[in-house]
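First the structure, in the form of structure tokens, and then the observations on it.
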Amino acid sequence: MAASDVVEQEWRLCGTDWSAYGDRGWRSCKGSFAGHRGFTCGLWSLFHAVAARSDNATAGNDLQTLRSTVSAFFDCTECRKHFEGIPVTDADLASK
């Protein structure tokens, strides 16, 4: 069993069963098929939220943290390699 499946079985966001989110009309990051919530979409949404809170003083460190997170935790090898292959310029590290 994949680690993500174990987490899904044992952990609840705010104590709410995962099936209840579909009943509430969750519109963002719907999964590709029943029982899956669209992990990659949720991950990118989180990254965009973190980037939006970044400022120029911390932009470089914040970007490196996000890239390290993907490298360490993203299970999709093809997706991870694609993300890691995106070039980062000095300008990317200097400002958000």
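The figures that follow rest on heavy atoms only: side chains count, while hydrogens, waters and symmetry mates do not. Nothing fancy with the numbering, it's 1 onward along the sequence.
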Supply the atom-to-atom distance [X] [atom1] to [Y] [atom2], rounded to the nearest 0.5 angstrom.
X   : Y   : atom1 : atom2 : answer
S71 : E84 : OG    : CD    : 3.5 Å
L63 : F47 : CG    : CZ    : 10.5 Å
Q64 : T58 : CD    : OG1   : 12.5 Å

Exercise for the section: For residues F74 and T69, determine if any side-chain heavy atom of one lies less than 4.5 Å from a side-chain heavy atom of the other. Expected result: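 A side-chain contact under 4.5 Å is absent here.
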Handout entry: Any R67 side-chain heavy atom under 4.5 Å of F83 side chain
Key =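 Contact flag for R67/F83 side chains = yes.
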Problem - Where S54 and A59 come nearest, the two heavy atoms and their spacing - result: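 In this case the closest contact between S54 and A59 is OG-CA, 3.5 Å.
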